[in-house]
Amino acid sequence: MNTSLNTSRKTAVVTGAGSGIGRSVARILADAGWSVALAGRRMEKLAGTVALTEGETIPVVADVTSPDEVGALFGAVRERWGRLDLLFNNAGISGPGGVPVEDLPYEAWRQVVDTNLTGSFLCAQAAFRLMKEQDPQGGRIINNGSVSAHAPRPDSIAYTATKHALTGLTKSLSLDGRPYRIACGQIDIGNAATEMTERMRSGIKQANGELLAEPMMDVADVARTVLHMAELPLEANVQFATVLATSMPYVGRG
């Protein structure tokens, strides 16, 4: 890890950077010359990402559901690099799987909403403030949606509701950011191979109630798409991108 101050590099915050999609995106950004703040709840996970990453990175322990910890995260970026060019709003949880609507505990619903939706809002708000104030003004926010932002799986009401809500967050940020050169887009991902999706290999409930093992794609394919979105000039924006395993049961009738 190179921790020398370098203001000529573009800077990024990646939330949920300790594993999965966040780790893969953080690595590809750093390899491409970005300075990356790795945000997550557990330092040991972030340290694992640092150990795998070439380039300039700083790990910052932060819970995206906490306004104070989000403020400290973006304060550390401001102090370290003086500006922010990209937020990849990636931190998220799926909640308890296979729980019918009528049995879902309120605490589980609230945890998913607080993490996936409120956490994304808090990070976007902090990024927006920094991007608006910095010189030169502007930057980019990429929200991690999901194919669940378009079509739900059975027994996934909390996760699906938050991913639909993220689409509204993306559109509002994109509109409100126009006067300040702040672009906002969303990447909707289906079946990237991570710890979170490992259960899909052995069988996951389909719309007709059957269990089916689903095809997966390499998480690196997602990271390359995020990098492409990130490196566009601010005059161009990928508003919505869908990247999914080609043969997954998404396009078609359930």
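The structure presented is a predicted model; accordingly, all values stated were derived computationally and were not measured.
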Distance (rounded to the nearest 0.5 Å) between [X] [atom1] and [Y] [atom2]:
X	Y	atom1	atom2	answer
Thr225	Ile142	OG1	CD1	10.0 Å
His164	Leu117	NE2	CG	13.0 Å
Thr53	Arg27	OG1	CZ	5.5 Å
Cys184	Lys171	SG	NZ	12.0 Å
His228	Arg224	NE2	CZ	13.0 Å
Leu227	Ile28	CG	CD1	5.0 Å

So, does [X] use its side chain to make a donor-acceptor pair with the main chain of [Y] at under 3.5 Å?
X	Y	value
Thr115	Val112	no
Asn191	Met216	no
Ser66	Glu69	yes
Arg83	Gly139	no
Thr15	Ala91	yes
Thr170	Leu166	yes
Lys163	Asn144	yes
Lys10	Trp34	no
Ser120	Asn116	yes

Hey, mind stepping through Arg41 and Val64 against side-chain contact (heavy atoms from CB on, under 4.5 Å) and telling me if it holds? CA-CA 8 Å; Arg41 291 176 297 173; Val64 298; over 6 Å; no
Would a 4.5 Å heavy-atom cut-off, applied to side chains only, mark [X] and [Y] as touching?
X	Y	answer
Asp103	Pro100	yes
Arg153	Thr160	no
Pro154	Gln206	no
Leu211	Lys205	yes
Val243	Ile187	yes
Leu232	Asn237	no

Is there a continuous path of hydrophobic side-chain contacts, each under 4.5 Å between heavy atoms, that joins [X] to [Y]?
X	Y	value
Tyr180	Phe121	yes
Ile204	Ile157	no
Val13	Leu169	yes
Leu122	Val113	no
Leu212	Leu244	no

Regarding [X] and [Y], does a basic nitrogen lie under 4.0 Å from an acidic carboxylate oxygen?
X	Y	answer
Arg140	Asp85	no
Glu133	Arg78	yes
Glu235	Arg181	yes

Which pair of heavy atoms, one from [X] and one from [Y], lies closest together, and at what distance?
X	Y	value
Leu104	Pro96	CD1-CG, 3.7 Å
Met131	Leu84	CG-O, 3.6 Å
Ala193	Val219	O-CB, 3.8 Å
Ser19	Thr49	N-OG1, 4.4 Å
Val14	Gly22	CG1-O, 3.5 Å
Pro249	Pro215	CD-CD, 4.5 Å

Within a reach of under 6.0 Å around [atom1] of [X], are more than 12 heavy atoms found that belong to other residues, nucleotides or ligands?
X	atom1	value
Leu234	CG	yes
Glu44	CD	yes
Gln134	CD	yes

| message | Show, in sequence, the C-alpha distance, side-chain angles and deciding distance for Thr167 and His150, and conclude whether the side-chain contact (heavy atoms from CB on, under 4.5 Å) test is met. | response | CA-CA 9 Å; Thr167 299; His150 306 276; 5.9 Å; no
By salt bridge (Lys or Arg N to Asp or Glu O under 4.0 Å), Arg178 pairs with (sequence neighbours left out) none
Assess the side chains of [X] and [Y]: does a donor N or O sit below 3.5 Å from an acceptor N or O?
X	Y	value
Asp63	Thr65	yes
Asn143	Gln186	no
Glu56	Trp81	yes

* Go through Ile189 and Ser146 one step at a time and tell me if the side-chain contact (heavy atoms from CB on, under 4.5 Å) criterion holds. => CA-CA 5 Å; Ile189 302 163; Ser146 169; over 6 Å; no
Quick one, Val25 with Ile21, criterion side-chain contact (heavy atoms from CB on, under 4.5 Å). Give me CA distance, side-chain angles, the key distance, then yes/no. CA-CA 6 Å; Val25 169; Ile21 292 169; 4.1 Å; yes
